[in-house]
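Working notes, beginning with the structure itself.
Everything quoted here is computed from the prediction, not taken from an experiment. Proteins get letters first, then strands, A, B, ... in listed order; numbering begins at 1 in each.
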Protein chains: 2
Amino acid sequence: MENRLDKTAHKILLKRLNLVADIDAEDEAAVLELPVTVREFDAGIDIVSEGQYVSQCCILIDGFTYRYRHTLEGKRQIIAFHVSGDIPDLHSLHMNYMDHSFAATTRSRIGFVSHDAVWDLCIRRPKVAAALWRETLIDGAIFREWIVGLGRLSGHSRTAHLLCEIAMRMRAVGLAPDYVYRLPLTQHELADALGLTVVTVNRVLKDLRLNGVVDRERSRMTIREWKTLARLGEFDPRYLHFRVPITMMAEMPPEGA
Amino acid sequence: MENRLDKTAHKILLKRLNLVADIDAEDEAAVLELPVTVREFDAGIDIVSEGQYVSQCCILIDGFTYRYRHTLEGKRQIIAFHVSGDIPDLHSLHMNYMDHSFAATTRSRIGFVSHDAVWDLCIRRPKVAAALWRETLIDGAIFREWIVGLGRLSGHSRTAHLLCEIAMRMRAVGLAPDYVYRLPLTQHELADALGLTVVTVNRVLKDLRLNGVVDRERSRMTIREWKTLARLGEFDPRYLHFRVPITMMAEMPPEGA
DNA sequence: CGCCGGTTTGACCCGCGTCAAGTTGGGTGG
DNA sequence: CCACCCAACTTGACGCGGGTCAAACCGGCG
């Protein structure tokens, strides 16, 4: 629990707010005043746990995190992945009971902001409130996309879709400038997100690898044929509702890195 | 497209806002001033379609509606069901591109409010804005719940869970005072929500009927053993984030109507 | 009376789960 | 510098939940 003098967390938050909505200089100044406490978390431990009542929000500075829940028979379902700039529990501002947990897959740095401070900011700066609201709505749009995948797509398609989604969201925050990105997930974690088993995920990835679509060595993910992968996963990035048109990845070279 | 003099839509909206958050008399007065246009829609037709850019929100006055998307091979996945008081496309306020469609299963009355009017209201009445934001977050919480179900529960459990969820949400708006409610859905529609096929849904419902858990004659749904159904569906209503504690249904008699 | 959407049921099949047995490679301690 | 360990990954064999196909059945309605 160390308070930082540098404004890394604030800068990341501002970057996100600008990515999501349109805020002005005064808004930015107000955001920079937010009291933020930065903490680090080791891989594999809960940052927030199901059942807790929370009074602060988390902004992910760096690392890779996810949200999940367990069924009664102990199966785990991962609900969302999060990259730098995401505010995974922003919803807690309005519903402080956590109905799921939030954990890290790699050592992660998280900025904590109290709900009170966020409320205060929202009231003084309606455009910031709007940006934050929009951020939670994009979260919801991603959930909808996952529902469609889990309900109606095959294991192969779901996997392809997830790889596309993560690539694009990382790209939006500068973490996947080309077709290569760091995907610090075990196949078990992928399986728990995709509603599959490790065995199946392993076979799907093998297929994709043998077909030259993607490649994965340790946590380094390489998309070799974006178009093929996107078609297979029925990936249409409009559900991510980026303000910068859609063309980020669509304009990438058709094949190869 | 008929403009009503009666304030039915406003009253329903106010009831919802009060259910979801804490607003005061001035807020209520401002809400009552909202220009609302009421229209009726026949069963089976789209109220809003995927791909549209919209500039108004819908509040469901009465009827039963749902949101859905199709996969490329034409399979349909229903994403959400909606009952009186829901504002199914409130998210469009911030993301006016519709990434899914919105349709009715019964003849439904819908109130339309322009985004401009809602924006204006949100800026003048921050507590109303907060209530609306919260409403979209509950929407998101339901999505998460569906993800867990689709990813990790059996067909039987998912079905049980859905029946519980609809019962409870209808109950919250007074449409299921006891264990009986009108569920105007075909088995095909249920299947598209549950990620199953009609055949399977039929068999699941048969099992539930034979075990005396639920009963369904035409569109009349009767839950005979709430506890059994809730246990089977791993239904914990906290994800619905009602303000009125949790005890609405928990206090109902243990068995039978 | 006959059509038609919705429901029900049977027979069969397949994607994915389950179980189980390796294999691989980075990390650790002797 | 090697021996060992353990988590993650792989692969094969087999079974089942739910999908697919197809044929009734049922009740409301023109």
Side-chain angles (χ1 to χ4, degrees), chain A residues 42-45 64 71 73-78 105-107 149-162 182-210 214-221 232-233, chain B residues 42-45 64 66 71 73-78 103-107 149-162 182-211 214-221 232-233:
Chain A
D42 277 329
I45 67 162
F64 200 89
T71 65
E73 14 174 45
K75 293 180 182 170
R76 179 175 68 166
Q77 176 66 41
I78 289 177
T105 62
T106 57
R107 187 162 179 79
L150 286 165
R152 291 297 183 220
L153 297 185
S154 69
H156 279 76
S157 290
R158 256 134 69 195
T159 307
H161 188 284
L162 180 61
R182 194 168 130 66
L183 184 69
L185 293 174
T186 65
Q187 294 183 356
H188 190 79
E189 287 160 336
L190 281 172
D192 283 347
L194 294 166
L196 300 171
T197 57
V198 210
V199 177
T200 304
V201 166
N202 184 279
R203 286 174 175 140
V204 168
L205 289 177
K206 181 184 173 189
D207 285 354
L208 291 175
R209 184 178 350 108
L210 291 181
V214 305
D215 209 347
R216 187 157 183 269
E217 45 194 61
R218 308 227 75 22
S219 70
R220 180 190 176 80
M221 184 73 219
L232 178 58
Chain B
D42 277 330
I45 67 162
F64 200 89
Y66 63 100
T71 65
E73 10 173 52
K75 293 179 183 169
R76 179 174 69 165
Q77 176 66 40
I78 289 178
T105 61
T106 56
R107 186 162 179 79
L150 287 166
R152 290 296 183 221
L153 298 186
S154 70
H156 279 75
S157 291
R158 257 134 68 194
T159 307
H161 188 283
L162 181 61
R182 194 169 129 67
L183 184 70
L185 293 174
T186 64
Q187 295 184 357
H188 190 79
E189 287 161 336
L190 281 172
D192 284 346
L194 295 166
L196 300 171
T197 58
V198 211
V199 177
T200 305
V201 166
N202 185 280
R203 286 175 176 140
V204 168
L205 289 177
K206 182 185 173 190
D207 285 354
L208 291 175
R209 185 177 351 107
L210 291 182
N211 289 329
V214 305
D215 209 348
R216 187 158 183 269
E217 46 194 61
R218 310 225 71 30
S219 70
R220 179 189 176 80
M221 183 74 221
L232 178 59

Qualifying residues under salt bridge (Lys or Arg N to Asp or Glu O under 4.0 Å), relative to B:Arg107, sequence neighbours excluded
B:Glu40, B:Asp42
Could you identify which residues of residues 198-205 of chain A place a heavy atom less than 4.0 Å from some atom of DNA chain D, listed by residue number, or say none?
A:Val199, A:Asn202, A:Arg203
B:Arg158 CZ - D:dG19 C1' separation (whole Å):
12 Å
Using a cut-off of 4.0 Å on non-hydrogen atoms, how would the nucleic acid contact of B:Arg209 be classed: base, sugar-phosphate, or nothing?
sugar-phosphate
What is the distance, to the nearest angstrom, from the CG atom on A:Asp207 to the P atom on D:dT11?
11 Å
Roughly how bent is the helix from C:dC1-D:dG30 to C:dG30-D:dC1 end to end, in steps of 10 degrees, with each end axis from five pairs?
30°
How close do A:Arg152 and B:Gln77 get, heavy atom to heavy atom, and via which atoms?
CG-OE1, 3.5 Å
Look at the side chain of B:Ser219 and the backbone N and O of B:Leu183, then say whether any donor-acceptor pair between them is shorter than 3.5 Å.
no
Considering residues at least two apart in sequence or located in another chain, which fulfil the side chain to side chain donor-acceptor pair (under 3.5 Å) criterion with A:Thr106?
none
Expressed in angstrom and rounded to an integer, what is the separation of B:Met221 atom CE from C:dT7 atom C1'?
15 Å
List the atom pairs, donor and acceptor, that lie under 3.5 Å between side-chain atoms in residues 199-210 of chain B and the rest of the protein, sequence neighbours left out.
{"unit_1": "B:Thr200", "atom_1": "OG1", "unit_2": "B:Thr197", "atom_2": "OG1", "d": "3.1"}
{"unit_1": "B:Asn202", "atom_1": "ND2", "unit_2": "B:Gln187", "atom_2": "OE1", "d": "2.9"}
{"unit_1": "B:Asp207", "atom_1": "OD2", "unit_2": "B:His156", "atom_2": "NE2", "d": "2.8"}

Using a heavy-atom distance cut-off of less than 4.0 Å, which residues of residues 182-191 of chain A contact DNA chain C?
none
With sequence neighbours excluded, residues passing side-chain contact (heavy atoms from CB on, under 4.5 Å) with B:Glu73:
A:Glu234, B:Thr71, B:Lys75
Separation of C:dG15 P from A:Arg152 CZ (nearest whole Å)
17 Å
Measure the distance from CD on A:Glu217 to P on C:dG25 and round it to the nearest whole Å.
12 Å
Between CG of B:Leu194 and CZ of B:Arg158, what distance do you get to the nearest 0.5 Å?
6.5 Å
Shortest non-hydrogen contact from A:Pro184 to A:Thr105?
O-OG1, 3.2 Å
Starting at CG of B:Leu153 and ending at P of D:dG17, how long is that distance when rounded to a whole Å?
15 Å
Reckon B:Arg218 has a side-chain N or O less than 4.0 Å from the OP1 or OP2 of C:dG5?
no
For a quick test of reading the model: is some side-chain N or O of A:Lys206 closer than 4.0 Å to OP1 or OP2 of D:dT11?
yes
Pairs: protein N or O with nucleotides 4-6 of chain D N or O, under 3.5 Å:
none

Rounded off to whole Å, could you give me the CG-to-P distance for the B:Asp192 and D:dG19 pair?
11 Å
Shortest non-hydrogen contact from B:Ala191 toward B:Val198
CB-N, 3.6 Å
Would you compute the distance between atom CG of A:Leu196 and atom OG of A:Ser154 and round it to the nearest 0.5 angstrom?
9.0 Å
Compare all side-chain heavy atoms of A:Leu190 with those of A:Leu162 and state whether any distance is below 4.5 angstrom.
yes
With sequence neighbours excluded, what pairs up with B:Thr186 under the side-chain contact (heavy atoms from CB on, under 4.5 Å) test?
B:His188, B:Glu189
Taken to the nearest whole Å, CZ/B:Arg216 to P/D:dC26 is 18 Å
So what does B:Gly195 hit on the nucleic acid, given a heavy-atom distance under 4.0 Å: a base, only sugar-phosphate, or nothing?
sugar-phosphate
